[in-house]
Amino acid sequence: MSLNALRIIWRVTRLNFRAQLEYRSEFLMMIAIGAIWQVSVIVFATVLLSRFTGMGGWDSSDVLLIPATRMLAHALFVLFLGRMHGVGRHIQEGRIDTYLVRPMPVHRQVQLEFFPTNAIGDMTVAVGLMVGALSRSQLDWTAGRITYLIACLIGGMLLEAAMFTVVASASLRFPAADYWSRWLEELLGTFGSYPLNVLPRAVGGFLTFGLPLAFVAYFPAAVLTGHGDSTGVPYWLAAASPLLGALAYLGARLLWRWSLGHYTGVNG
Amino acid sequence: MSGSIEVRGLSRTFHTTVRRPGFLGGVRSLVNPERVAKEAVCDISFDVAPGELLALLGPNGAGKSTTIKMLTGILTPTAGEARVAGVVPYEERERNARNIGAVFGQRTQLWWDLPVRESFSILRDIYEVPKAEHAARLKEFDELLALSSFWDTRVRHLSLGQRVRSDMAAALLHDPPVVFLDEPTIGMDVVVKEQVREFLRHQVEERGRTVLLTTHDMTEVERLAERVVLINHGRLVLDGTLDEIRRKFGSTWQVRATLADPHTPVEPLPGITLLRREGPQVVFGPDGPTAPTVHQALKQVIERYEVTDIALDEAELEDVMRAAYVQSEVRVEDRAGGA
Ligand SMILES: Nc1ncnc2c1ncn2[C@@H]1O[C@H](COP(=O)(O)OP(=O)(O)OP(=O)(O)O)[C@@H](O)[C@H]1O
Ligand SMILES: [Mg+2]
């Protein structure tokens, strides 16, 4: 990415942000929605988790690291790459056509469409939760652990972006595929915050190899808290979560590029 | 950089699945979908010279938008090739994008939440236009399109006419040698339409841009285009000047003459038939495929008869086009029947 490209990204983001600020009530409402959404997920998860005894052998302060990681990764996703999620609408409205006649990658133009105000709410809650999780954690937060946590957050963001990019690529061919993105969002929101070993094996297996949700927060948290050997997958696989996130994202972007080349357009 | 457009054997087939009627049909379609191939554009070739304005015409569903989408790099053709300002658009999309401006009447390329002028300045950054050049061009466009009365408004609050004018300016801010416009004046009032035509004429005549335009508005074609390419069912029907089209399909002229002597016997002339006679008033029309043009007919009538008054009704371009569409329909059917 060239310097000019970065400048354009920064400029468009700033302008978009200012535009959102001008609708003050809408702006505050969007932040509130982001925050309330996250808080409700946390409350739900807490209530549910407190019903399980032992939480799959995890200490309660360790368990907190799972929703904190998942939510912070998700907030980063919404902030930086989240527009991929509404791309089906862009496709149906034919906006992709106008992106294709501009000398800029279509993916980037999709991201720059508007400023994701709700990410501010997501981010606030997620950071709060992460601070809480870290302060209650009895782990020794060495530089190595912190670096690994940051890598996992980025990996988690990329993994979520990869999943939505795959759905978006499908909607380039079949606009109805966009419904899957809503399903995906629900599923990630619902299951992202639990130690998957409290779930039935089949569900855990699906969330590992079907939808790679386990790699967003559960495996990273397990590796960090010393439960890396009892996740049901080899230790090295769980530990490689951030790398897998990056690879999945790369693959998804290639798929997206291929799909754009085979784009058939909407009529009109 | 020369802004020519070269199109050779360009084709695009769409594959769609058809749903069989009824519930059982629906289930059968699910299990064993019936795929149909639709040739939206089929073996089309034409050229547009630098600085030329060409109107791409044809009835609804003829393949005009599909052709433009291939030339702008949105769609990849299934066969044939195209070059726009020397670049193959669907192979080098971003490079082509720098050479072209595109306006799609039905959709905007501006940022929905931003004031128009901010969209313009983002585009300036994207296309790396020097600041002074950008300001000068904006001034020029404002003079022609009266943009400044609404350019501080957010795009989402603009009227259709204001939005399309903004889109038009946005498409040309980076000084592209080639411009594509797909129904740019759709839904505009007469004043704005004229403003837009004036703008386009200026862009072609003063700035030497190459323009490919589609429209269903024949007044627009008459005012702007010298040359048209007519397509129907994805096939090229005709590539020629407006005069040629009139000559070929506009066989609906009438010459109305008032004879000096109302008792003169009137006979048909070669290729000219007598349509009506009311006392001294006679009306001639074209006859058969060898009919002369309206101007030749006028000359023949004057040479042959002594007239006190003469008037001619040339077919409206709209009627000419209707005739062209209908005749091309017949020809396409012939071809399909023969194949
Ligand atoms: N993405 C698509 N999938 C399937 N069929 C398509 C697609 N796009 C266009 N077509 C078909 O291709 C044909 C040509 O469409 P096109 O949009 O190019 O027509 P047009 O000349 O622009 O018509 P109009 O004047 O109505 O805008 C139509 O029969 C249309 O149904
Ligand atoms: Mg069209």
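All values derive from a computational prediction rather than experimental measurement. In the text below, chain A, chain B and the rest are named by the order of the sequence lines, each starting its count at 1.
Contacts of B:L110 with chain A are made by backbone atoms alone, with heavy-atom separations under 4.5 Å and no side-chain atom involved. Proximity to chain B (any heavy atom under 4.5 Å) is restricted, for A:Q20, to the side chain, taken from C-beta onward. With a threshold of 4.5 angstrom between heavy atoms, B:Y127 approaches chain A through side-chain atoms but not through N, CA, C or O. Both the backbone and the side chain of B:S121 come within less than 4.5 Å of a heavy atom in chain A. B:E128 touches chain A through its side chain: at least one heavy atom from C-beta onward sits under 4.5 Å away, while N, CA, C and O do not. Residue contact with chain A, scored on non-hydrogen atoms closer than 4.5 Å, is absent for B:R95. Using a 4.5 Å cut-off between heavy atoms, A:Y99 touches chain B through its backbone atoms (N, CA, C, O) alone.
Geometrically, A:R102 engages B:W111 in a cation-pi contact, judged by NZ or CZ lying under 6.0 Å from the ring centre and within 45° of the ring axis.
Residues A:F164 and A:F77 place their aromatic rings such that the two centres sit under 6.0 Å apart.
Chain B forms more heavy-atom pairs under 4.5 Å with one residue of A:A5, A:P103, A:G94 than with any other, namely A:P103.
A salt bridge is absent between B:K64 and B:D182; no separation between the charged side-chain nitrogens and carboxylate oxygens falls under 4.0 Å. A salt bridge does not link A:D178 to A:R89: none of the charged nitrogens lies less than 4.0 Å from a carboxylate oxygen.
You'll find the side chain of B:L57 reaches within 4.5 Å of the side chain of B:Y325, heavy atoms only.
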